[in-house]
Amino acid sequence: MNRIEIALGQRSYPVLVGASLLHQPSHWLPLIPEVPLVIFTNERVAPLYLDTLVSALGGRQPHTFILPDGEAEKSFDNYQRALEFLAQKGIRRDACLLALGGGVIGDLCGFVAASWMRGIRFIQFPTTLLAQVDASVGGKTAINLPAGKNLVGAFHQPSLVVADVSTLTTLDEREYRAGLAEVLKYGAIRDPELIGLMEQQVTALNRRDAALLIDLVSRSVEHKASVVADDEREAGIRATLNFGHSFGHAIEALTDYTRYLHGEAVAIGMVAASHLSEQRGLCTPGTAARLAKLLQQLDLPVTIPADLSTDHLLERMGLDKKNVTGTRRLILLEALGQAYIDSDSRDEQIRRAIDHTR
Ligand code: NAD
Ligand code: GLY
């Protein structure tokens, strides 16, 4: 098992990464406070892991709040339902919420924890690769509104993250691969060795080798830990975690969030952002091709589909949440492993990068 510290002063916490951790509570049970517990999970994850977590908690008898599955459930209605559930169960400020699931459960449970009685403790048990390498770490919590995703939320750090890579064996193939895109992202923005490792280990990645996953999740969390410790509230460097996301969000939005998983759209977005970086003379020619080759070996999409017009994509990118008013802020690469926050790309350059990614 690996232990990575998220260093945030009084709000510091450990992330534990290992195999079969849900079955080995000795590693984490001592870190769970002796207070009333409420597990948040969903109808897909509950039959797989809820009993294991409850028995690992011994005689603790947690309450359980089980939502239907899906991104649509990260809603205001469910947020309200969750608060009413806590009220009905007499949950007080001393309680602790446990999020067992992917990023949807983690984000919703985290936001409930952030706001219930002005903030109570919560612990993440992420069960998707995306949640283990990204969503469960760093304290961004949110729900969606009909007007847009993640529009309502708070920064609220968990007090512990337990990432059991054995839970990744039951993930749908596409969900697993979408998570790999986020791992590759850390390589692209901070860690060229990680890209080399992934290139060498494509076969082991494709069979979800546990030892390799412990290594990749741990390395990803170390990168996230370092970024979050430097810039918890995204005043600067944390924005580099959005590499590929401006193009990716536009692709997701223009396909009604139905054709691509988030990580798949980010995979295409990373190729587009790398083309733009090359074109701007920031990074070596061939960088985009190298990333695209690896993404393809991991069965991820790397081209912008023909039915999404360049005009619509550009227009949609103008709406990106990361943009400071009046500028189009993009994360580009100065080199493989070195991200750069850019506000100088002109529309025609972005247009050319999109066309290059067809
Ligand atoms: P998700 O939570 O919807 O999980 C994907 C699917 O896998 C769901 O059907 C889920 O029920 C299922 N699942 C979860 N664990 C499983 C397991 N072990 N075995 C089988 N099936 C399992 O999606 P996600 O990709 O984990 O997270 C996406 C969400 O995370 C989005 O809402 C996004 O906004 C959010 N997010 C948040 C942050 C953050 O920093 N807070 C970062 C990235 C993404
Ligand atoms: N997922 C991007 C961040 O946590 O900042």
Side-chain angles (χ1 to χ4, degrees), residues 6 22 40-50 52-53 66-75 78 99-111 113-114 122 124-145 148-158 161 163-182 185-186 189 208 213 220-221 223-245 248-249 252 257 260-266 321-322 331:
I6 312 295
L22 286 180
F40 279 53
T41 189
N42 74 18
E43 287 169 358
R44 168 99 172 99
V45 176
L48 295 167
Y49 303 112
L50 182 57
T52 311
L53 178 57
I66 303 180
L67 286 164
D69 188 15
E71 179 72 32
E73 305 302 328
K74 216 173 92 176
S75 63
N78 282 334
L100 174 69
V104 166
I105 288 297
D107 275 13
L108 178 92
C109 176
F111 186 50
F122 85 116
Q124 296 263 20
F125 289 87
T127 61
T128 64
L129 184 53
L130 180 138
Q132 293 188 355
V133 300
D134 187 1
S136 67
V137 179
K140 282 188 182 175
T141 72
I143 55 170
N144 302 327
L145 291 184
K149 286 177 65 166
N150 298 325
L151 285 182
V152 182
F155 285 98
H156 186 61
Q157 300 292 341
V161 180
D164 180 348
V165 300
S166 303
T167 61
L168 306 179
T169 54
T170 52
L171 265 188
D172 284 353
E173 195 62 28
R174 278 182 72 195
E175 297 288 355
Y176 173 67
R177 290 173 185 287
L180 288 178
E182 301 281 354
K185 178 193 77 180
Y186 289 109
I189 61 170
R208 308 188 196 188
L213 283 172
S220 301
V221 171
H223 286 300
K224 183 130 192 199
S226 155
V227 170
V228 168
D230 284 349
D231 179 22
E232 186 182 9
R233 299 215 162 209
E234 201 166 312
I237 191 181
R238 187 161 179 173
T240 60
L241 297 177
N242 295 319
F243 176 59
H245 284 56
H249 282 150
E252 279 184 284
Y257 297 94
Y260 297 104
L261 296 176
H262 175 68
E264 294 172 334
V266 167
K321 225 178 354 150
K322 287 177 294 302
I331 310 306

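Note that this is a predicted model, so its numbers are computed, not measured. Counting convention: from 1, in listed order, for ligands and their atoms alike. Every heavy atom of this structure was used, including side-chain atoms; hydrogens, water molecules and symmetry mates were not. Residue numbers start at 1 and run along the sequence shown.
For atom 12 (C) of ligand 1, the nearest protein heavy atom (residue, atom name, distance) is Arg44 CG, 4.0 Å. Looking at atom 4 (O) of ligand 2, its nearest protein heavy atom turns out to be Lys224 NZ, 2.5 Å. Looking only at heavy atoms of the protein, atom 17 (C) of ligand 1 is closest to Thr170 OG1, 3.5 Å. For atom 14 (C) of ligand 1, the closest non-hydrogen atom on the protein side is Thr128 CG2, 3.3 Å. The protein heavy atom nearest to atom 1 (P) of ligand 1 is Val104 CG2, 3.9 Å. Atom 13 (N) of ligand 1 has Val45 CG2, 3.8 Å as its closest protein atom, hydrogens excluded (heavy atom only). Looking only at protein heavy atoms, the nearest one to atom 39 (C) of ligand 1 is Ala135 CA, 3.5 Å.
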**Report entry** Intermediate values then yes/no, side chain to side chain contact (heavy atoms under 4.5 Å, CB included), Val228 and Gln157
**Finding:** CA-CA 11 Å; Val228 168; Gln157 300 292 341; 4.3 Å; yes

Query raised in the report: Are Thr127 and Leu100 close enough, and set up right, to give a side chain to side chain contact (heavy atoms under 4.5 Å, CB included), and what steps lead you there?
Result: CA-CA 7 Å; Thr127 61; Leu100 174 69; 3.9 Å; yes

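Considering both main-chain and side-chain atoms, Asp172 never comes within under 3.5 Å of ligand 1 through any nitrogen or oxygen pair. An N or O contact shorter than 3.5 Å is missing between Leu130 and ligand 1 by distance. For a threshold of 3.5 Å applied to N or O pairs, the pair formed by Asp107 and ligand 1 contains at least one separation below that value. Polar contact check, Gly103 against ligand 1: a nitrogen or oxygen pair lies under 3.5 Å apart.
Taking every heavy atom of Asn150 and a limit of under 4.0 angstrom, the matching atoms of ligand 1 come to 34 (O). Heavy-atom contacts of Asp134 reach the following atoms of ligand 2: 1 (N), 2 (C), 4 (O) (cutoff under 4.0 Å). Against a heavy-atom cut-off of under 4.0 Å, Leu48 is close to the following atoms of ligand 1: 19 (N), 20 (C). Annotation for ligand 1: atoms under 4.0 Å from non-hydrogen atoms of Asp134 are 42 (C), 43 (C). Proximity to Thr127 (heavy-atom distance under 4.0 Å) selects the following atoms of ligand 1: 14 (C), 15 (N), 16 (C), 17 (C), 18 (N). The distance from ligand 2 to the heavy atoms of Arg238 drops below 4.0 Å at these ligand atoms: 3 (C), 4 (O), 5 (O). Numbered from 1 in the order shown, with element, the atoms of ligand 2 that lie under 4.0 Å from a heavy atom of Leu241 read 3 (C), 5 (O).
If you check the side chains of Asn144 and Glu71, you find a donor sitting under 3.5 Å from an acceptor. Remark: the Lys74 side chain and the Asn150 side chain contain an N/O donor-acceptor pair separated by less than 3.5 Å.
The backbone N or O of His245 lies less than 3.5 Å from no partner atom in the side chain of Asn242, so there is not a single donor-acceptor pair. Checking side-chain atoms of His156 against main-chain N and O of Ala154 turns up no donor-acceptor pair under 3.5 Å. Remark: side-chain polar atoms of Arg208 are paired, donor with acceptor, to backbone N or O of Leu168 under 3.5 angstrom. Judged by distance alone, with hydrogens and angles left aside, the side-chain atoms of Glu252 form no donor-acceptor pair with the main-chain N or O of Ala265 at under 3.5 Å. Remark: the backbone N or O of Asn42 is not paired with any side-chain donor or acceptor of Asp69 at under 3.5 angstrom. No donor-acceptor pair closer than 3.5 Å links the side chain of Thr141 to the backbone N or O of Phe155.
Counting heavy atoms closer than 4.0 Å to ligand 1, residue Lys140 contributes atoms from both its backbone and its side chain. If you look at Asp69 next to ligand 1, the close heavy atoms, those under 4.0 Å, all belong to the side chain.
For Lys224, the heavy-atom gap to ligand 1 drops under 4.0 angstrom. Using a non-hydrogen distance threshold of 4.0 Å, Glu71 registers as a contact of ligand 1.
Looking at Asn242, Leu261, Leu171, it is Leu171 that brings a heavy atom closest to atom 22 (C) of ligand 1. Looking at Arg174, Glu175, Lys74, Arg238, it is Glu175 that brings a heavy atom closest to atom 6 (C) of ligand 1.
Residues Glu234 and Lys140 are paired through a salt bridge, judged by an N-O separation under 4.0 Å between the basic side chain and the carboxylate. Between Asp172 and Arg44, at least one side-chain nitrogen of the basic residue sits less than 4.0 Å from a carboxylate oxygen of the acidic one, meeting the salt-bridge criterion.
With ring centers used as reference points, Tyr257 lies 6.0 Å or more from His262.
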